[in-house]
Trainee: 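What follows is a structure written as structure tokens; I'll ask about it next.
These numbers were taken from a predicted model, which means no experiment stands behind them. The analysis underlying the following values was restricted to heavy atoms, covering all of them including side chains, and did not include hydrogens, waters or symmetry mates. Residue numbers start from 1 in every chain, and the chains themselves are labelled A, B, ... in the order their sequence lines are given, proteins ahead of strands.
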Protein chains: 2
Amino acid sequence: MRIGELAALAGVSVRSLRYYEEQGLLTSTRSAGGQRHYTQDDVERVAFIQRLYTAGLSSRTVTELLPCLDSPSDENSDAAMERMAKERDRLSTHIEDLLRTRDALDVLMVAAQAHRDARQTAA
Amino acid sequence: MRIGELAALAGVSVRSLRYYEEQGLLTSTRSAGGQRHYTQDDVERVAFIQRLYTAGLSSRTVTELLPCLDSPSDENSDAAMERMAKERDRLSTHIEDLLRTRDALDVLMVAAQAHRDARQTAA
DNA sequence: CTTGCCTCTCACATTGATGTCAGGTTTTAG
DNA sequence: CTAAAACCTGACATCAATGTGAGAGGCAAG
């Protein structure tokens, strides 16, 4: 498929796909005319890239991790293993942080609701 | 206290504190010479701002929420209430997403480990 | 009063992912 | 074959938070 179709299927912009390629996260074969062609597998790959992005991983970090996804075979997995463990930790910490923040928001909301109720009672 | 001390206590840069003020997230009294002065409470406030930032809230959104923290009294809490509920939802969704991403990482790590073990056995 | 440190404002730089525009080429539909 | 639609490269723009540097002024200790 061409880049527009992949973009539609993966729900990202054409611009982003070109950027991913520029960053070495995604490869494509080229037609005689120079247009990029992708396979069905790339849809899932792009989705995974997106997932890592929204998890706060940088493009650079994703670049380090993806080889492991491609070929869990070389000794690059040694480095990737460490990287993944590290990112997993960071992710866990971040999740904990978000949970605490959500709790804090809940507290604020309860307070606001209490005030609202008080106003209601007064009216 | 002056800005440097607050920055140290809250663990943020002086630059950031000025930025927060510019964005209306933080206020300060000024000395005769024009220097900013803060109270002890501001330490907690800055920490809370940081918390919301790392939760992915934009400066603009935080601006809308903070009045509710300041005075849970006006009808601004009506708008703030809605905002908070919306952000809470967004946060929950994001947390779910991160959890799934962490699971995905775990799967990758298990695969990598399996390969490592296989190599170990072969050796 | 002077020296040194902290602060002030203003303004420009940075980072990362993406938007957008321009000018040109390829592919596809009719 | 031709026109429209999709694609190409390259470059500049954007946003948000923060860094950084210049030039000037405040403030406390000696």
Trainee: Given atom CD1 of A:I3 and atom C1' of D:dA5, what is their separation to the nearest angstrom?
Mentor: 15 Å
Trainee: Would you check if A:Q35 and A:R30 make a side-chain contact, meaning some heavy-atom pair closer than 4.5 Å?
Mentor: no
Trainee: Rounding to a whole Å, what distance do you find between B:R30:CZ and D:dG26:P?
Mentor: 13 Å
Trainee: Does OP1 or OP2 of C:dT7 have a side-chain N or O of B:R36 closer than 4.0 Å?
Mentor: no
Trainee: Might you list the N or O atoms of the protein lying below 3.5 Å from N or O atoms in nucleotides 15-18 of chain C, with each pair's distance?
Mentor:
| unit_1 | atom_1 | unit_2 | atom_2 | d |
| --- | --- | --- | --- | --- |
| C:dA17 | OP1 | A:S59 | N | 2.8 |
| C:dA17 | OP2 | A:Y19 | OH | 2.6 |
| C:dT18 | OP2 | A:S16 | OG | 3.4 |
| C:dT18 | OP2 | A:Y20 | OH | 3.2 |
| C:dT18 | O5' | A:S16 | OG | 3.1 |
| C:dT18 | O4 | A:R15 | NH2 | 3.2 |

Trainee: Please enumerate all residues that pass side-chain hydrogen bond (donor to acceptor under 3.5 Å, both in side chains) together with B:S92, with sequence neighbours excluded.
Mentor: A:R102
Trainee: Ignoring hydrogens, what is the shortest heavy-atom contact between B:S13 and B:A7? Give both atom names and the distance.
Mentor: C-CB, 4.1 Å
Trainee: If we only count heavy atoms from C-beta on, is the B:Y38 to B:L9 side-chain gap below 4.5 Å?
Mentor: no
Trainee: To the nearest angstrom, how far is A:L6 atom CG from D:dC8 atom P?
Mentor: 11 Å
Trainee: Starting from the first five and the last five pairs of the helix from C:dC1-D:dG30 to C:dG30-D:dC1, work out the angle between the resulting helix axes, to 10 degrees.
Mentor: 10°
Trainee: When you compare the side chain of B:Y53 with that of B:S59, does any pair of heavy atoms fall below 4.5 Å?
Mentor: yes
Trainee: Would you say that A:R18 contacts A:E22 through its side chain, given a criterion of any heavy-atom pair below 4.5 Å between the two side chains?
Mentor: no
Trainee: Can you tell me the distance, in whole Å, between the CG atom of A:L17 and the P atom of D:dC7?
Mentor: 10 Å
Trainee: Quick one: B:L26 CG to D:dA17 P, roughly how many Å, whole number?
Mentor: 14 Å
Trainee: State whether B:R90 and B:E87 are salt-bridged, where the test is any N-O pair (Lys NZ or Arg NE/NH1/NH2 against Asp/Glu carboxylate O) under 4.0 Å.
Mentor: yes
Trainee: Which whole-number value in Å describes the distance from B:L52 CG to D:dA17 P?
Mentor: 12 Å
Trainee: Under 3.5 Å, which protein N or O atoms sit close to an N or O of nucleotides 26-29 of chain C? Give each pair with its distance.
Mentor:
| unit_1 | atom_1 | unit_2 | atom_2 | d |
| --- | --- | --- | --- | --- |
| C:dT27 | OP1 | A:S31 | OG | 3.0 |
| C:dT27 | OP1 | A:G33 | N | 3.3 |

Trainee: With sequence neighbours excluded, give me every salt bridge (Lys or Arg N to Asp or Glu O under 4.0 Å) pair touching residues 33-42 of chain A.
Mentor: A:E21-A:R36
Trainee: Counting neighbours of CZ on A:R60 that are heavy atoms of other residues, nucleotides or ligands and sit closer than 6.0 Å, is the number greater than 12?
Mentor: no
Trainee: Answer yes when B:D97 and B:R100 have at least one side-chain N-carboxylate O distance shorter than 4.0 Å, and no when they do not.
Mentor: yes
Trainee: Would you mind reading off the distance between B:E21 atom CD and C:dC10 atom P, rounded to a whole angstrom?
Mentor: 12 Å
Trainee: With sequence neighbours excluded, what pairs up with A:D106 under the salt bridge (Lys or Arg N to Asp or Glu O under 4.0 Å) test?
Mentor: B:R88
